[in-house]
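So the structure is just underneath, and the comments pick up after that.
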Amino acid sequence: MPPITNHSPIQYDADIPASADIVIIGAGIIGISTAWFLSKQGLKVVVFEKGRVAGEQSSRNWGWIRQAGRDEAELPIMMESMRLWEKLADEIGADIGFRREGSFYLCEKESDISHHDHFRSFAPNYDLQCELINTDKLYDLIRNTPRHWVAALHTPGDARAEPSIAVPAIAQACVKDGVSIIEDCAVRTISMANRKIDAVFTEKGRIDCSTVVCCGGAWTSSFLNNCGISLPQLAVKASVVSTAAAPLILAGNASDTKLAIRRREDGGYTIAMIDYLEFFPTLASLKQTKIFLPLFDTAYKKLNLRVFGSSQEKFDARRCWTASQTSPYEQNRVLNPLPTQKALNRLRSVVNARLPILKDVAIRQSWAGMIDATPDAIPVMDAAPDIGGLYIASGFSGHGFGIGPACGKIVADLVQNNSIEYDLSRFRFSRFSDGSNLLLGPSI
């Protein structure tokens, strides 16, 4: 299935109710998963989506559901997410392509093996089965490839799913549970009384509520900025392709320093360049340069600076707008940036060299997406500062799809002030301003 765009038909166009218990901004994997768990508590939930359900990164990601390579704070949450994915298809009554076929982090030379030492040092503490395998075992599991790699970190319990099928299917289940989803309707801003939310203003009218969860992906920082809150977050462009049906290389996921590949349900592969990401600086992002230096230092070899970009690539929104003014979200319903031809050419060249069995396999589709990246590549799941009733779940930095269901459950508990079994200090908003050492999590 291709990514969802604003050419996809509107599925949900209900009238805006006068009030709701909770309003969710954004119908990606995080927003929809949060709505799914809130609906089970009998709450009146309304999800507003400026474009289409899963229209941006939630249908454009690789489709990996991985435990491997996670930040230690994420790993137990991701393991719960895996358990939720395991039973999700039965709960929602839809085949979402979930298959536990494992993942491989491939090492091209001996020195690459040490890159996984940190993860291997704590993974056993969580009873996660993963092992460093040598070439003999590796090439028993990965077929029809030259012996380009010397070892791999193998996590057999990792999985995959079809993003453009999975998130819309969960959304349909939400609606059956009583959630209202309204597409093609942007939330412009919030209304407050005594610094507490009492309503939100959408392009189609007002809705009274006391709790709002902002799950706007790459748009979150601009929405919060309009509310007077500064969230350091960049939008980074990545290009991806899917192939026609092809011979079996592996049934799961694999990546090395250049390529990431996933077997698809249609018999082809989703393939992305790991070492070619693009960043389009704006005045707002340049002001955040200092806090992003650790990320730039780590990712500089693959992060390509682009001065000129389209409106689909540059997040140069107006600094502020009112409830009566057209917002940037109405002018950009679904971000659908064109894949970069240079990235596609490099991808074809690397595929031909490393996976020659795919040399004559046609590229069926190509697309690009904008990743919401934080300075430490770790998301924010926290109450917003200074505004009562506003919560943030954003900045998943390209690895939110797999962890999405468990994060939705956590955010649902967070907004209800329920006890949470995980330490969320790693995901707090204040880490960007309290002098914390922003240790990098999983790299984008």
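Computation of the quantities below employed the complete heavy-atom set of this structure, encompassing side-chain atoms and omitting hydrogens, waters and symmetry-equivalent molecules.
Using a distance-only test at 3.5 Å, with no hydrogens or angles considered, a donor-acceptor pair links the side chain of Asp372 to the main chain of Gly395. Panel note: side chain Arg263, backbone Gly267; a donor-acceptor pair is recorded below 3.5 Å. Side-chain N or O atoms of Arg354 include none that pairs as donor or acceptor with a backbone N or O of Val351 at under 3.5 Å. Within the 3.5 Å criterion, the main-chain N or O of Ala251 finds a donor-acceptor partner in the side chain of Arg160. Remark: the backbone N or O of Leu259 is paired with a side-chain donor or acceptor of Asp256 at under 3.5 angstrom. Judged purely by atom type and a 3.5 angstrom limit, Asp423 has no side-chain atom pairing as donor or acceptor with the backbone of Ala73. Proximity of a side-chain donor or acceptor of Glu183 to a complementary backbone N or O of Gln11 within less than 3.5 Å is detected. Using modelled atom types, one side-chain atom of Ser8 and one backbone atom of Thr5 make a donor-acceptor pair closer than 3.5 Å. Side-chain atoms of Ser59 come within 3.5 Å of backbone atoms of Ala54 as a donor-acceptor pair (strictly under, hydrogens ignored).
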When you look at Tyr422 and Glu80, which way does the side chain to side chain donor-acceptor pair (under 3.5 Å) test go after all the steps?
-> CA-CA 11 Å; Tyr422 303 106; Glu80 179 176 4; 2.3 Å; yes
Could you walk me through whether His399 and Glu74 pass side chain to side chain donor-acceptor pair (under 3.5 Å), step by step?
-> CA-CA 11 Å; His399 52 274; Glu74 282 191 340; 3.1 Å; yes
Between Ser103 and Asp158, does a side chain to side chain donor-acceptor pair (under 3.5 Å) hold up when you go through it step by step?
-> CA-CA 6 Å; Ser103 67; Asp158 279 358; 2.5 Å; yes
Please assess Ser180 against Tyr12 for the test side chain to side chain donor-acceptor pair (under 3.5 Å), listing each intermediate value before the final yes or no.
-> CA-CA 8 Å; Ser180 294; Tyr12 308 104; over 6 Å; no
Is there a side-chain contact (heavy atoms from CB on, under 4.5 Å) between Leu347 and Ser239 once you walk through the steps?
-> CA-CA 9 Å; Leu347 184 148; Ser239 299; over 6 Å; no
Walk me through it: do Ile113 and Leu132 pass the test side-chain contact (heavy atoms from CB on, under 4.5 Å)?
-> CA-CA 8 Å; Ile113 295 174; Leu132 192 67; 3.3 Å; yes
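For an aromatic pair to be called close, the ring centres must be under 6.0 Å apart, and Phe401 with Trp64 fails this. Proximity of the aromatic rings of Trp149 and Tyr105 is defined here by a centroid distance below 6.0 angstrom, and this criterion is not met.
Heavy atoms of other residues, nucleotides or ligands lying less than 6.0 angstrom from CG of Asn418 number more than 12. For Arg428, the CZ atom sits in a packed shell: over 12 heavy atoms of surrounding residues, nucleotides or ligands are nearer than 6.0 Å. Atom CD of Gln129 has 12 or fewer neighbouring heavy atoms from other residues, nucleotides or ligands inside a 6.0 Å radius. Within 6.0 Å of atom CG in Asp386, 12 or fewer heavy atoms from other residues, nucleotides or ligands are found, so the atom counts as exposed in its surroundings. Summarising the local packing, CG of Asn417 is surrounded by 12 or fewer heavy atoms from other residues, nucleotides or ligands at distances under 6.0 Å.
In this structure the side chain of Leu277 never reaches within 4.5 angstrom of the side chain of Lys237, judged on heavy atoms. Taking the side chain as every heavy atom from C-beta outward, Ile229 and Pro385 approach each other to under 4.5 Å. Contact of the Thr257 side chain with the Glu108 side chain is registered, since non-hydrogen atoms from C-beta on lie closer than 4.5 Å. Within the 4.5 Å cutoff, no side-chain heavy atoms of Val179 are placed close to those of Ile24. Looking at heavy atoms from C-beta onward, Arg99 lies in side-chain contact with Glu265 at the 4.5 angstrom threshold. Ile96 has its side chain out of reach of Glu162: every pair of non-hydrogen atoms, C-beta onward, lies at least 4.5 Å apart. Counting heavy atoms from C-beta outward, Cys407 and Pro379 have side chains that stay 4.5 Å or more apart. Within the 4.5 Å cutoff, no side-chain heavy atoms of Asp382 are placed close to those of Phe427.
Judged by the 6.0 Å and 45° rule, Arg264 forms no cation-pi pair with Tyr269. Figure legend: cation-pi geometry between Lys40 and Trp36, with NZ or CZ positioned under 6.0 Å from the six-membered ring centre and within 45° of its axis.
A donor-acceptor contact closer than 3.5 angstrom is absent between the side chains of Ser242 and Arg364. A donor-acceptor pair shorter than 3.5 Å cannot be found between the side chains of Thr220 and Gln233. Using a 3.5 Å distance cut-off with no hydrogens or angles, the side chains of Asn437 and Arg431 do not pair a donor with an acceptor.
Taking the six-membered ring where tryptophan is involved, the planes of Phe98 and Trp85 are essentially parallel, since the angle between them stays under 30° and well short of 60°.
Of the candidates Leu84, Val45, Ile410, Leu43, Leu84 is the only one forming a side chain to side chain contact (heavy atoms under 4.5 Å, CB included) with Phe37.
The minimum heavy-atom distance linking Ile274 with Ser255 is given by the pair CD1-CB, 3.6 Å. Nearest heavy atoms, Ala238 versus Ile371: CB-CD1, 4.0 Å. Summarising the geometry of Met78 relative to Ile65, their closest heavy-atom pair is CE-CG2, 3.6 Å, with the distance given to 0.1 Å. In terms of heavy atoms, Phe292 sits closest to Pro375 at CE2-N, 3.3 Å. Taking both residues in full, the closest heavy atoms of Phe432 and Ile291 are given as O-CD1, 3.4 Å, listed atom of the first, atom of the second, then distance. Taking every heavy atom of both residues into account, Asp413 and Ile420 meet most closely at CB-CG1, 3.9 Å.
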